[in-house]
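Whatever order the structure lists them in is the order used to number ligands and atoms, beginning at 1. Along the sequence shown, the residues carry numbers beginning at 1. Nothing here was measured: the structure is a model prediction, and the numbers come from that model.
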Amino acid sequence: MAKKLAKKAVPKVAPKPKAKAENARKTSRKASEPRAPKPGSRYVYLFGRKTDGNGSMKPLLGGKGANLAEMCRIGLPVPPGFTISTEVCTYYYANKRTYPQALRGQMEAGIASIEQQTGKTFGDLKNPLLVSVRSGARDSMPGMMDTILNLGLNDQTVEALSAKTGNPRFAWDCYRRFVQMYGDVVLGVQKRPDEDHEPFEMVIEKLKHDRHHQDVEDTKLSVDDLKELVVRFKALIKERAGKQFPSSPWDQLMGAVGAVFGSWMNDRAIVYRRKYNIPTEWGTAVNVQAMVYGNTGDESGSGVAFTRNPANGVKEFYGEFLINAQGEDVVAGVRTPEPVAELKKQMPKAYAELERIRQTLEKHFKDVQDFEFTIEDGVVYMLQTRNGKRTAMAALKFSMDMYKEKLIDWKTAVMRNPADQLEQLLAPVFDAAEVNKAKVIATGLPAGPGAASGQIYLNADRAVVAADKGEKVLLVRVETSPEDLRGMIAAEGILTARGGVSSHAALVARQMGKVCVCGAAAVEVDYNARTVRADGRTFKEGDWMSIDGTAGKVYAGQVKTAPSEIVAGLINGDEAAKKTEKFKHFQQLMKWCSDASRMSVRTNADTPEQTENAVAFGAVGIGLTRTEHMFFEGDRIDAMREMILAETEQARKAALAKLLPYQREDFAGIFRALKGYPATIRFLDPPLHEFLPHTEEQQKELARKIGVPAARIHTRVSQLHEFNPMLGFRGCRLGIGYPEISAMQARAVFEAAAQVQKEGIKVRPEIMIPLVGFKKELDLQIEVVHQAARDVQAEQKVKLNYMVGTMIEIPRGALTADEIAESAEFFSFGTNDLTQTGLGMSRDDSGSFLPQYQELEIVKKNPFATIDATGVGQLVDIAVKKGRAARPNLKLGICGEHGGDPASIHFFEKVGLDYVSCSPYRVPVARLAAAQAALQTKGGD
Ligand code: ADP
Ligand code: MG
Ligand code: MG
């Protein structure tokens with residue numbers, strides 16, 4: 001048996017069928033440098049002494065591979081290796097999971113190059129080369145295959161490594177790690193759904209108890225212990241995977257490469273791609289790299305660091321390391337690492353080198369870097385660098401500081417703030433008074449800023465179920481792993497007992513903008529009992545806890561939250577808040593946004609308060625006021641119902657007369673709050689039955705109130721019933737059926753305008769007729785509006801400045817926009833209805849099929865959240881072109897849900913709209929997105 005294995009261990013060059021040319025290349029390979037393959041057939045890119053790639057080649061080499069190449073180019077110490085390109089991944093899935101023929105030969109050349117540079121040989125029995133196999137997509141992607149370290153070891157090479165280094169403990173530690181990782185990642189020996197611990201960890205635990213009768217640290221395991229572990233690991237693999245552990249290094253390598261490509265389509269990766277809209281076509285690259293060893297002793301170690309603090313943005317060397325450890329230990333949260341500053345005492349030379357690298361990285365990449373390093377016997381090696389994920393708070397501070405340091409210009413500073421994260425800055429913090437009263441039960445590392453209160457759940461599935469029921473959930477785990485992703489998405493906040501600031505939990509929280517406290521060691525999580533013990537108390541699943549991810553504190557119970565400094569300063573006029581750095585930075589960013597934008601940002605607001613908030617956030621008008629919302633308040637609904645139930649025009653007018661003063665006051669309040677900015681006011685839009693009482697009880701009550709028989713109400717409600725209300729008697733169809741409704745609304749607008757204008761405030765009403773598909777519809781309504789305007793102006797002896805336009809929200813309206821623009825002074829795209837009617841998909845019913853559509857990638861994104869640019873967007877584009885052709889100064893805006901969505905805003909910039917409109921708290925996001933869209937569209941100027 002052993003002999004057989006020994007033979008297999010010699011690096012084997014698998015002959016390829018019908019490949020004479022390849023065989024020829026193989027024989028000459030040893031003698032010469034690896035040759036450049038034919039253009040278009042290069043699959044392997046070297047880095048090291050000779051480097052084929054560079055940092056701009058992320059689509060081809062993945063983020064990790066491209067930056068390894070870039071670091072080699074700027075002279076940083078990177079162990080040599082090669083990258084298998086993403087094209088191979090594409091090929092792999094296009095060809096029934098097989099590889100291009102030339103790949104194997106190029107990989108052999110790659111290994112040969114590493115051998116030359118290191119003086120070690122793959123599978124050698126004297127001085128074996130070991131490699132790591134690392135996945136690397138364009139963007140870093142949790143959920144992809146975990147890295148495999150120490151590949152190339154087997155029962156023979158481990159002895160060689162031991163003899164060569166004179167360090168058997170190290171050699172066997174590498175071997176047991178390798179068998180464990182390979183078994184887990186490539187052979188799929190993983191935690192089963194009913195298990196709470198990794199099977200390999202359980203074997204380690206058992207061995208520790210068998211041999212030491214207690215939970216000793218991994219570093220305390222003896223050579224014999226490690227040898228025994230390897231035996232037990234292999235047995236576990238045989239039992240669970242039904243396979244022998246492969247001993248040939250080339251078999252190991254090909255298996256690992258296959259596992260990387262295979263992992264591109266695993267559940268976790270798919271979930272992640274969906275959340276972040278990463279296209280499947282991108283594929284992943286594979287990096288094969290010579291090992292450097294952080295586990296040779298106390299002069300070695302491994303760490304992760306940021307060039308600045310990614311949680312709060314402070315300019316400080318931030319990170320952590322473990323002495324005598326290999327990379328994954330730091331991230332896995334098995335041992336809690338020490339802060340990087342400690343290295344200064346323990347290994348001053350290595351620390352100085354890292355400081356130098358930190359400076360070099362920022363100067364070169366001109367952005368905050370997140371990098372991974374290993375120290376082998378005092379020598380620092382770089383294993384990865386990328387732009388550091390950051391919280392919105394850190395992004396803001398980085399951008400302002402780096403601008404002041406002249407590393408970047410102001411436009412770059414604007415681009416550095418992710419628009420879809422900006423809302424984090426507006427997120428609440430704990431109420432200062434409440435939090436003083438609350439009991440701190442544990443402290444941990446502040447890994448994701450903000451305040452979160454929730455009911456605790458200890459497992460991702462149960463967290464998801466609870467969140468689906470509408471509970472606020474706090475996910476509490478010993479540590480998290482990619483399987484917990486769904487639970488993390490569902491949770492308000494994440495609390496872990498173990499792991500440092502670069503643990504999985506911290507990483508994901510930063511990226512998703514989740515509140516997170518990690519490494520709160522005083523929190524004892526009992527998965528079996530489903531309880532958490534802290535500070536002498538026991539919390540059951542469903543109990544409340546609160547975490548402060550800015551301070552790293554854990555509180556018992558529910559703690560009330562307070563607005564962020566930005567909200568406090570802008571909305572509440574809190575002077576202390578206005579003096580904070582965060583507030584000032586935010587204001588600077590918003591000013592730059594205004595400088596950079598072409599489009600302006602309005603708001604969708606129905607009340608004076610909403611309007612004031614939006615104006616405080618920088619909105620320059622209202623893009624949509626939904627007048628029907630005003631009919632629901634207080635007892636107005638009764639007058640509204642009376643109007644709907646009226647059987648004669650006279651009765652209807654009498655009811656409308658009751659509504660008029662309400663509407664007038666609402667509009668006046670809004671005009672005042674706008675301080676001269678324009679307001680687009682949409683006339684009554686929803687189907688009338690939405691206002692009516694539907695239960696018998698409610699109908700009786702109304703009958704009593706307005707003095708009509710209940711039976712008549714019942715009959716009228718049934719009369720108004722529609723099969724497809726969305727496509728029924730609604731929008732301008734109502735105003736055409738009952739012109740007196742529009743007349744009342746117009747009068748209310750103009751009377752309010754006259755009133756506020758007399759107070760000395762400029763008023764600019766823009767009356768918007770909804771759901772227009774035919775020019776004639778608009779013309780009929782415009783006449784009603786003009787008549788009301790003439791009347792009010794005569795009565796009040798004022799001159800009013802107003803416009804009448806329409807909402808473009810059904811395909812016919814978009815397609816005949818040139819005709820409609822002859823009458824309309826402005827268009828506002830109602831992209832919610834335009835999406836519903838354009839796709840023939842009801843938004844309210846889409847829940848039953850849309851998730852599957854997204855899963856199958858029939859639609860890449862939810863079209864009700866991000867505009868379907870190719871379909872619905874085309875309707876917008878047509879309407880813009882036709883409308884402007886007919887009326888060059890036609891004003892164009894958008895007031896659908898998409899007006900606050902950064903990706904959609906980029907689209908609206910491209911088609912040339914004048915403004916976007918969104919809900920008040922989205923205004924800063926929209927301003928940032930509009931600025932970024934303008935900067936990107938203008939390109940390099
Ligand atoms: P991830 O994408 O999860 O960060 P990496 O491929 O970066 O995975 O690998 C994780 C860790 O494994 C690295 O930070 C590093 O510490 C270690 N590692 C990877 N390759 C090597 C290598 N060639 N030598 C030593 N350690 C390595
Ligand atoms: Mg890494
Ligand atoms: Mg609509």
Point to revise | Electrostatic pair E338:K344 at N-O distance under 4.0 angstrom | key: no

Review point. Are D173 and R177 within salt-bridge range, i.e. N to O under 4.0 Å?
Key: yes

Do any nitrogen or oxygen atoms of [X] lie less than 3.5 angstrom from nitrogen or oxygen atoms of ligand 1?
{"X": "S135", "answer": "no"}
{"X": "R386", "answer": "no"}
{"X": "Q326", "answer": "no"}
{"X": "L149", "answer": "no"}
{"X": "P79", "answer": "no"}

Study note, to complete from the structure: Check: of V131, T147, V78, min heavy-atom distance to atom 8 (O) of ligand 1 comes from T147

Check your understanding: Given G294, S132, A325, which has its nearest heavy atom closest to atom 22 (C) of ligand 1?
Key -> S132

Check your understanding: With a 3.5 Å cut-off and no angle check, do the side chains of Q252 and S248 form a donor-acceptor pair?
Key -> no

Check your understanding: Among D139, D370, D367, which one satisfies salt bridge (Lys or Arg N to Asp or Glu O under 4.0 Å) with R386?
Key -> D370

Revision key, fill the gap. With heavy atoms and a 4.0 Å threshold, my read on which part of Q289 contacts ligand 1 is both

Check your understanding: Are any N, O or S atoms from T147 nearer to the Mg ion (ligand 2) than 2.8 Å?
Key -> no

Check your understanding: Which angle, to 10 degrees, forms at the Mg ion (ligand 2) with OE2 of E372 on one side and OE1 of Q384 on the other?
Key -> 100°

**Study point:** E353 side chain near I375 side chain, heavy-atom distance below 4.5 Å
**Key:** no

Check your understanding: Quick one: does W250's side chain get under 4.5 Å of M107's, heavy atoms only?
Key -> yes

